[in-house]
Amino acid sequence: MDEDALIERLRRRVGTAVPSPVTAERLAAAEASPGCPLPPLFARPYREVGNGGFGPDRHPPWPAAARVAGQRP
């Protein structure tokens, strides 16, 4: 799966349940705080999908029961 397909899959998975994507200015300010840019694939979801709300605790890739058992369905 390439990066574009990964971003599209994330976008479909979260739908509209996340805050709007960040602006280029907000992302630049976030990168300036620690003094280094975010890795490109890490920054893309914030620019293209939403400003958070899509991490592993929000949208797990498999059902919670399977996570507890330590297995994927």
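FYI, side chains are in, hydrogens and waters are out, and symmetry mates aren't considered; it's all heavy atoms of this structure. Not measured: the values here are computed from a predicted model.
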Heavy-atom nearest pair, Pro19 first then Gly52, reads CD-O, 3.4 Å
Here the gap from Glu48 atom CD to Asp4 atom CG, rounded to the nearest 0.5 Å, amounts to 7.5 Å
Check your understanding: Does a side-chain heavy-atom distance below 4.5 Å link Leu38 with Arg44?
Key -> no
Looking only at heavy atoms, the pair that brings Glu3 and Leu41 closest together is CG-CD1, 3.9 Å
What one should report as the nearest heavy-atom pair of Tyr46 and Phe42 is CD1-O, 3.3 Å
Applied to residues 26-40, the side chain to side chain donor-acceptor pair (under 3.5 Å) test, sequence neighbours excluded, yields none
query = So do the side chains of Ser20 and Asn51 get within less than 4.5 Å of each other, counting heavy atoms only?
reply = no
Correct closest heavy-atom pair for Gly50 and Val18 would be CA-CG2, 4.0 Å
